[in-house]
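Below is one structure, written out as structure tokens; the observations come after it.
The basis for the numbers below is simple: all heavy atoms, side chains too, and nothing from hydrogens, waters or symmetry mates. Residues take their numbers from the sequence shown, with the count starting at 1.
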Amino acid sequence: MNSMSFLISTLFDLYIMVVILRIWLQAARADFYNPFSQFIVKATQPVVAPLRRVIPSIGSLDLATLLFAYTLSVAKCAMLYTVAPELAVSYNTLGHMIAGSLALVKAAGGLLFWVLLIRAILSWVSQGRSPIEYVFHQLTEPMLAPIRRILPAMGGFDLSVLVLFIALQFINFLMGDILGMLWIKL
């Protein structure tokens with residue numbers, strides 16, 4: 001059942017990241033008409049649109065989309081338990097809900113890592129002409145600008161992404177130390 005748990009985990013994680021991207025794009029007020037933003041909206045709109053009619057937003061935080069991402073995370077944990085009970089992170093509804101919250105936090109950290117990595121690679125290749133690079137700049141600049149203010153200039157090299165990578169990795173290891181196998185299985 002290792003192959004099925006891999007497939008379930010991968011498919012859920014990819015779509016959860018798309019849903020989290022929608023939340024992040026709205027919170028960062030990124031360019032809505034960018035092709036990348038349009039893809040994210042169209043990939044999530046069939047489920048999010050009906051939810052948004054019932055669940056209001058609070059400021060720039062879209063609660064309907066956040067609830068959808070959380071529900072997907074809980075469903076992922078429940079399906080992993082169904083397919084491979086030895087890999088499950090919990091055995092009851094409350095356990096699935098807690099594991100779903102942790103899985104959502106871990107997915108958000110993983111998404112931040114990948115967005116930073118793709119932004120760094122695109123900065124070497126596209127020289128600012130890619131629409132995806134523009135959106136990724138809008139998403140990550142609020143986190144990187146404070147690091148740049150503290151870090152001295154290093155001869156044209158931007159080390160702020162590296163500092164954020166190290167911080168993300170530290171938080172990931174710290175959560176693994178605190179939660180043990182539960183964090184690793186998510």
Heavy atoms of Leu151 and Ser160 approach each other most closely as CD2-N, 4.0 Å

Separation between CG (Leu21) and OG1 (Thr65), nearest 0.5 Å, reads 12.0 Å

Criterion side-chain contact (heavy atoms from CB on, under 4.5 Å) on Leu117 and Ile121, from CA distance to verdict
CA-CA 6 Å; Leu117 183 65; Ile121 292 170; 4.1 Å; yes

To the nearest 0.5 Å, atom CZ of Arg119 lies from atom CG of Asp158 at 7.0 Å

Closest non-hydrogen atoms of Cys77 and Gly100, given as atom of the first, atom of the second and distance, are SG-N, 3.9 Å

Same cluster or not: Phe173 versus Ile166, using hydrophobic residues (I, L, V, M, F, W, Y) connected whenever any side-chain heavy atoms lie under 4.5 Å apart? no

Margin query: Do Met97 and Tyr70 make a side-chain contact, defined as non-hydrogen atoms from C-beta onward lying under 4.5 Å apart?
Written below: yes

Are Thr71 and Leu67 side-chain neighbours, meaning at least one heavy-atom pair lies under 4.5 Å? yes

Under a 4.5 Å side-chain heavy-atom rule over Ile, Leu, Val, Met, Phe, Trp and Tyr, are Ile150 and Leu164 clustered together? no

One should read off an interatomic distance between Met17 CE and Trp24 CH2, to the nearest 0.5 angstrom, of 10.5 Å

Check: Tyr33 main-chain N/O paired with Ser37 side-chain donor or acceptor under 3.5 Å: no

Leu14 reachable from Trp114 in the ILVMFWY side-chain graph, under 4.5 Å edges: no

So CZ of Phe6 and CG of Asp13: to nearest 0.5 Å the spacing works out to 10.0 Å

Between Ser5 and Leu80, the two heavy atoms sitting closest are O-CD2, 3.6 Å

Shortest non-hydrogen pair, Tyr15 vs Thr44, comes out as OH-CA, 3.6 Å

**Single-linkage hydrophobic cluster Val115~Phe32, side-chain heavy atoms < 4.5 angstrom** = no

- Item | Audit row: Asn172, Trp183, side chain to side chain donor-acceptor pair (under 3.5 Å) steps and yes/no | CA-CA 9 Å; Asn172 191 30; Trp183 185 256; 2.6 Å; yes

Rounded to the nearest 0.5 Å, the CG atom of Leu7 sits from the CZ atom of Phe12 at a distance of 10.5 Å

Correct closest heavy-atom pair for Ala69 and Ile20 would be CB-CG1, 4.5 Å

Shortest non-hydrogen pair, Asn34 vs Pro131, comes out as ND2-O, 2.8 Å

Could you please spell out the steps behind the side-chain contact (heavy atoms from CB on, under 4.5 Å) verdict for Leu116 and Met143? CA-CA 10 Å; Leu116 286 168; Met143 289 171 265; over 6 Å; no

For Leu66 and Leu104: C-alpha separation, side-chain torsions, deciding distance, then whether side-chain contact (heavy atoms from CB on, under 4.5 Å) applies.
CA-CA 10 Å; Leu66 183 61; Leu104 189 59; 4.2 Å; yes

Can you tell me if Gln138 uses its side chain to pair, donor with acceptor, with the backbone of Asp31 under 3.5 Å?
yes

Step through the shown structure and confirm whether more than 12 heavy atoms of other residues, nucleotides or ligands are within 6.0 Å of CD1 on Ile58. no

- Task: Check step by step if side-chain contact (heavy atoms from CB on, under 4.5 Å) holds for Met79 and His96.
- Result: CA-CA 10 Å; Met79 284 192 69; His96 290 311; over 6 Å; no

Rounded to the nearest 0.5 angstrom, the OG-CZ distance for Ser123 and Phe136 is 12.5 Å

Verify the cluster assignment for Leu111 and Val41: are they in a single hydrophobic cluster under the rule of side-chain heavy atoms below 4.5 Å apart? no

